[in-house]
2 protein chains.
Amino acid sequence: MTLHCATCPVRDRAACAVLEDEEREELARAGRLRTLHKGETLFAAGMTEAACATLKSGALKITSIDADGRERILSLVHPSGFVGEMFGPYMRHDVVALGESELCVFSGPAFAEAIERYPGLGQALLRRTQEDLFASRELLALTGTASAEQRVAGALLSLARAASDSPCHPAKEFDLPLSRGELADMLGLTIETVSRMLTRFEREGAIRRNGKRGIELLDPALLPLR
Amino acid sequence: MTLHCATCPVRDRAACAVLEDEEREELARAGRLRTLHKGETLFAAGMTEAACATLKSGALKITSIDADGRERILSLVHPSGFVGEMFGPYMRHDVVALGESELCVFSGPAFAEAIERYPGLGQALLRRTQEDLFASRELLALTGTASAEQRVAGALLSLARAASDSPCHPAKEFDLPLSRGELADMLGLTIETVSRMLTRFEREGAIRRNGKRGIELLDPALLPLR
DNA sequence: CGCTGTATTGAAAGGCATCAAAGGTAGTGG
DNA sequence: CCACTACCTTTGATGCCTTTCAATACAGCG
């Protein structure tokens with residue numbers, strides 16, 4: 001399937017936004033559109049074939065499996081985000097769709113070539129990767145010493161920010177892209193603890209739950225943040 | 001103080017190794033040599049001035065302070081490693097010397113200009129930043145669900161690998177670059193728990209302690225890894 | 001030799017995991 | 001439309017692991 005950049009929902013936020021129109025069309029010819037359903041795997045850890053992708057819509061999780069076979073969520077990818085490896089010999093982690101998702105997928109060599117040809121693209125990716133690094137370290141700081149209460153509160157605010165269009169202010173009302181189990185896997189907790197914390201926040205009037213996934217931030221100041 | 005690349009101990013492993021000799025000399029004129037003593041701060045979180053550096057010798061820690069004023073170690077930097085921000089408006093984290101350290105320091109704009117001029121440098125940095133990202137995620141996976149025993153064991157092996165010259169095989173005997181407290185801050189544990197795990201490993205014959213910092217890996221197979 | 005900071009060891013408390021069961025919700029088919 | 005199943009979520013009771021609090025040991029250094 002070919003790519004149609006002109007109608008791309010993330011054309012001015014994704015990494016390729018730094019390219020001129022004709023350059024982007026050129027790059028688009030090396031990629032292909034792919035649609036993933038909830039739970040489908042984009043990349044599997046250990047894959048020896050380098051590849052990468054830009055997320056157009058939906059959401060992804062980057063995960064690894066620990067010794068006990070338990071899944072650990074290392075990062076979330078939101079629209080305009082970039083995943084994959086252009087260089088490495090193999091994929092380090094699994095990348096799985098959290099819901100219906102659309103992506104532009106490129107082979108590693110093809111994208112590496114594009115970086116060679118368009119230095120601006122490499123720089124854009126460098127900035128983006130640094131941002132990913134900071135996000136990863138933020139999660140590290142959150143899950144390191146914080147209590148279960150603080151972890152869930154922090155995740156709620158983080159997801160509220162991601163759900164909002166303006167990057168600064170969190171959305172007042174939004175749907176969690178993650179199940180309780182996935183939330184637990186991201187925070188290093190159990191399903192039961194996450195559930196308990198959510199009911200606690202609701203009882204204290206900080207949030208209101210609408211169905212399984214719906215969250216309304218009534219009074220964020222009541223959340224026990226770090 | 002000017003830089004002398006010809007005698008630099010990391011000249012063939014650092015990011016600038018991708019440059020030609022004369023290009024590197026050109027870059028060197030934009031940087032300066034700096035020596036840090038144990039505990040000295042290279043960059044402070046919140047600093048509005050972009051800057052970056054390559055570590056020539058010694059070791060650094062990248063840290064943030066959580067709500068309770070407790071320090072959290074997010075990453076370690078070993079010789080030939082790169083730290084800092086070329087682009088961002090401010091420093092996200094503190095960067096502090098773990099021991100006597102030598103660095104090449106550059107201002108953010110100067111280094112950004114070098115990236116513009118030498119695309120290979122930007123690519124080298126991109127690879128390096130991706131490696132940092134994977135390292136961060138590895139620590140995230142380690143501290144997420146693993147028990148205290150597994151965390152300390154994992155940290156020991158990781159530090160043994162870092163202390164070794166060959167990147168694959170861990171050093172049999174080495175000195176911890178971190179105090180007990182710093183190890184605890186990195187793993188999200190307390191000093192006491194770290195100490196208890198080390199004595200447990202020694203009692204079980206997995207390691208031997210030589211003084212406060214010395215570690216000898218007697219039987220790594222006994223370490224309860226993930 | 002005493003002092004200060006770091007490390008070890010012990011006992012008690014608390015938080016989260018585990019085990020177990022019930023309550024909801026969605027999807028399927030009668 | 002309802003019944004039925006399967007899955008996710010919530011809630012409860014118990015136990016373990018790590019933290020916390022406290023004291024001792026040890027090394028470096030004036």
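Every chain is numbered from 1, with letters handed out A, B, ... down the list of sequences. Keep in mind the model is a prediction, meaning the values are calculated, not measured.
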Donor-acceptor contact below 3.5 Å, side chain B:E85 vs main chain B:R92: yes

Minimum-distance nucleotide (side-chain atoms of [X] versus [options]):
X      : options                : answer
A:T190 : C:dT18, D:dT11, D:dT18 : C:dT18
B:E192 : D:dT11, D:dC21, C:dC16 : D:dC21
A:T193 : C:dC16, D:dT9, C:dT8   : C:dC16

side-chain N/O B:T199 vs C:dT9 OP1/OP2, d < 4.0 Å: yes

Donor-acceptor pair between A:N210 and A:E173 side chains, under 3.5 angstrom: yes

Sugar-phosphate only, base, or nothing, as touched by B:R209 at under 4.0 Å among non-hydrogen atoms: sugar-phosphate

Sugar-phosphate, base or nothing in reach of A:L189, heavy atoms under 4.0 Å: sugar-phosphate

Distance-only donor-acceptor test, A:R196 side-chain atoms vs D:dG12 base atoms, 3.5 Å: yes

Base D:dC8 to side chain A:E182, donor-acceptor N/O within 3.5 Å cut-off: no

Lys/Arg N to Asp/Glu carboxylate O, B:R196 vs B:E149, below 4.0 Å: no

Sidechain N-carboxylate O distance under 4.0 Å for A:K61, A:E182: yes

Nearest-nucleotide comparison on DNA chain C, the residue closer to the 5′ end among A:A146 and B:R180: B:R180

